[in-house]
Amino acid sequence: MITVTLPDGTALQLADDATGLDAATAIGPGLAKAALAAKVNGEIRDLARVLPDKAALEIVTQKSGDDYLYVLRHTAAHVLAEAVESLFPDAKFGFGPPIDDGFYYDFELSRPLSEEDFPAIESAMRTIIKARVGMDRSVLSIDEARAFFAARDQGYKVDQVEFLGDRGETHVSLYQQNDFVDLCQGPHLHDTGRIGAFKLLSVAGAYWRGENTNTMLTRLYATAFANQADLDAYLARVELAKARDHRRLGRDLELFHFDDAGPGFPFFLPKGMVIVNQIQTALRGELERLGYQEIRTPMILSEDLWKSSGHWDHYRENMYFTQVDEQGFAVKPMNCPGAALVFRSRRRSYRELPLRLAEFGHVHRHELSGVLHGLFRVRSFTQDDAHIFCRLDQIHDEVRSVLDFIDRFYARFGFDQVQTKLSTRPEKAAGTDEMWERAEAALAQALEGREYEIKEGDGAFYGPKIDFQVTDSMGRSWQLGTCQLDFSMPEAFDLRYVSESDADERPVMIHRAILGSIERFLGILIEDTGGDFPFWLSPEQARVLPVSDRHRDYAHTVRDRLRAEGLRVDCDERTESIGRRIRDGELHKVPYLLIVGDREVEGQAASVRGRHGEEIGAIPTAEIAETLLGRDAQHGASTN
RNA sequence: GCCGAAGUAGCUCAGUUGGCCAGAGCAGCCGCCUUGUAAGCGGCAGGUCAGGGGUUCGAAUCCCCUCUUCGGCUCCA
């Protein structure tokens, strides 16, 4: 007999070779039916695996959080593979793992797949699921497994077995349902019948092991849930995200434009520019508060400069080049060399440090055509960049100041949860051990009192860094800011300052950005808000709607007064019905519509309506600006 | 860059197996209506069917090339 402990603390006695399923059955037949996996000492395992004595056991069902989704999708991936094999007997199988919102499987097939093939594959999958086929686990030695897959002509599996062998594994596990056998670590559902609902989503190409020198495989993306309702909810969420796609909203709200004449180079339209300028104004306010000085460096600089900065060797593929008077020039992909030249423009004293030079730097990078994606991935963008030149012992305070900047600034957009990651020394690194130790210690010290994750070896070759992420209203996380120490560039550009004891010293350079790319941040903001920008960012904050022609003059009075009070206000005096103009105002997501007719002229007021139909009521003209700004403050957004 | 899909008016889309002057809704422009909290009515204009080359008596439709867009190419059995 063995004893296992259940989550509520009770001890359960079982036979020596009892499995997770046996335990579930012992607890109750209902649980046995609902069981998806067993969590043994915190590790998810197959229900059919024999339980060790004295284990902490939890039977995983749909109700026990999202743990089961991983197992369920993993199993669904095998079902997908079997279905594909039944339709394409000569298919070769790559990887088929669960991912965040579903799973995928990579295949090598005799012909390309398209969505038209989905119904046949889904139908084959349903058959396998309905049959409630067991997932049988077996263990083979590396050699046996290699021979097994070689006999079946599954080259990718052989490759993976060898990879695992090289990594030191002596045995691997296999899972079989019907005649389909796959190399797999598991765990899996007890049988295929426990996959509640699934759907094939898309087909795409993917390289074997993600290497672009390897064969291109066909990847099928799909998702699976324990029940149809969860699947439907997921699909609805995808629809919502699609409706909020910043590319669509950017066009509908006339914020920006992409043209064939410049693939990947955004055009900012007047309304989009208002938002960008508001963001930059807000940033400048902080820059001033924190003692930065703003600079602007040239867009195009000599090739020689990029050779000495190291970009020529490491970044040439992504740069644009041009020839002027038979001399080579490059368009800047980063602002740091320019900032270094500003530092070097005259002799510097220790008294000037820390020297904080900020730049809204418009950089150009040649990204591969296939990766371009709206404002998220572009070929030219504006970094809210800064370079801080300081001594080693000033790093701590400077980083603290950046953290303060980050927290204050993100909160303005409603991003008040910031995930922080510290990346440390990578294998190939420039600089001395002592420098790295001091720099990492300085960063860690600056991060004291703050939760952060350490990413070992993920730093840049020139120094450790801190990255900052926020989570948007749809639960997606985005990396925005970064704060990187750099010992290499001061060296490369021979930057020096005169110390207190009249000696030449090398400054440290801190690269930092708060939003990263302003273009990308606008895209994130659009999807986060669905276009309902906070009042202080709205391109048009209010729109005055005269009920009929005879109210036009009064409408102009209201508009002009609010403009004089600093608000961005327009007047829609088209000869359209008032209902129509309200509709247009709402579709353009103008935060407030101010309707003026006989009653309002009489009372020297405007009837205020929010963009989601909120009735705010008649407000005297003299009080409108104050009221709207007050409502904005109530909503937590700060203005400048 | 690579794999797959797509490109018809500013936007969203029709356009049967190649065959009369390529259509609609919205947006735009011009009138009429003078309007009270999400679409008033009528008219007009707008397209080298992404571009180039080919097949054909005839091409938006079939073939080739180029460009652009979209989904992917990290999540390691």
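These numbers come from a predicted model, not from an experiment. Here is how names work: the chains are called A, B, and so on, in the same order as the sequence lines, proteins then strands, and each is numbered from 1.
Residue contacts shown for Glu600(A) include a base, since a base heavy atom lies under 4.0 Å away.
Looking at Tyr207(A), its side chain has no donor and acceptor atom pair within 3.5 Å of the base of rC3(B). Below the 3.5 angstrom threshold, one finds no donor paired with an acceptor across the side chain of Ser577(A) and the base of rU34(B).
Listed by chain and number, the residues in a side chain to side chain donor-acceptor pair (under 3.5 Å) with Asp472(A) are Arg476(A), Trp478(A) (sequence neighbours excluded). Remark: His314(A) pairs with Phe461(A) by the ring-ring contact (aromatic ring centres under 6.0 Å, His included) rule, at least two apart or across chains. The ring-ring contact (aromatic ring centres under 6.0 Å, His included) test applied to Phe198(A) returns no partner, not counting sequence neighbours. Listed by chain and residue number, Asp584(A) satisfy the salt bridge (charged side-chain N to carboxylate O under 4.0 Å, His left out) test with Arg580(A) (two or more places apart in sequence, or in another chain). Qualifying side chain to side chain donor-acceptor pair (under 3.5 Å) partners for His366(A), counting only residues two or more places apart in sequence or in other chains: Tyr320(A).
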Just the atom pairs and distances: protein N or O near nucleotides 26-33 of chain B's N or O, under 3.5 Å.
residue : atom : partner   : partner atom : Å
rA27(B) : OP1  : Arg580(A) : NH2          : 2.2
rC33(B) : N4   : Thr575(A) : OG1          : 3.3

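For residues 70-93 of chain A, the salt bridge (Lys or Arg N to Asp or Glu O under 4.0 Å) pairs, not counting sequence neighbours, are Lys92(A)-Asp153(A).
Between rC73(B) and Tyr221(A), a contact under 4.0 Å exists linking OP1 or OP2 to a side-chain N or O. Between rG1(B) and Ser369(A), a contact under 4.0 Å exists linking OP1 or OP2 to a side-chain N or O. Remark: Arg609(A) is not in phosphate contact with rG36(B), judged by side-chain N or O atoms under 4.0 Å from OP1 or OP2. OP1 or OP2 of rG71(B) lies within a sub-4.0 Å distance of a side-chain N or O belonging to His373(A). Taking 4.0 angstrom as the limit, Tyr104(A) places a side-chain polar atom (N or O) nearer than this to OP1 or OP2 of rC75(B).
With a cut-off of 3.5 Å on both pairing distances, rG47(B) has no Watson-Crick or G-U wobble partner at all. rC21(B) is unpaired under the Watson-Crick or G-U wobble criterion, no partner having all donor-acceptor distances under 3.5 Å. Nucleotide rU74(B) forms a pair with no other nucleotide shown, judged by Watson-Crick or G-U wobble geometry with both contacts under 3.5 Å. Checking rG42(B) for Watson-Crick or G-U wobble geometry (two distances, each under 3.5 Å) identifies rC30(B) as its partner.
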Contacts table for residues 157-164 of chain A: side-chain donor-acceptor under 3.5 angstrom, sequence neighbours left out:
residue   : atom : partner   : partner atom : Å
Lys157(A) : NZ   : Gly94(A)  : O            : 2.8
Lys157(A) : NZ   : Tyr105(A) : OH           : 3.2
Lys157(A) : NZ   : Asp182(A) : OD1          : 2.8
Asp159(A) : OD2  : Trp208(A) : NE1          : 3.0
Asp159(A) : OD2  : Arg209(A) : NE           : 3.2
Asp159(A) : OD2  : Arg209(A) : NH2          : 3.3
Gln160(A) : OE1  : Arg209(A) : NH1          : 3.0
Gln160(A) : OE1  : Arg209(A) : NH2          : 2.7
Glu162(A) : OE2  : Arg146(A) : NE           : 3.1

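Separating the CZ atom of Phe118(A) from the P atom of rG4(B) is a distance of 15 Å, rounded to the nearest angstrom.
Formation of a donor-acceptor pair under 3.5 Å by the Arg137(A) side chain with backbone atoms of Ser173(A) is not found in this model.
Contacts between residues 247-254 of chain A and RNA chain B, defined by a heavy-atom separation below 4.0 Å, involve Arg247(A), Arg248(A), Arg251(A), listed by number.
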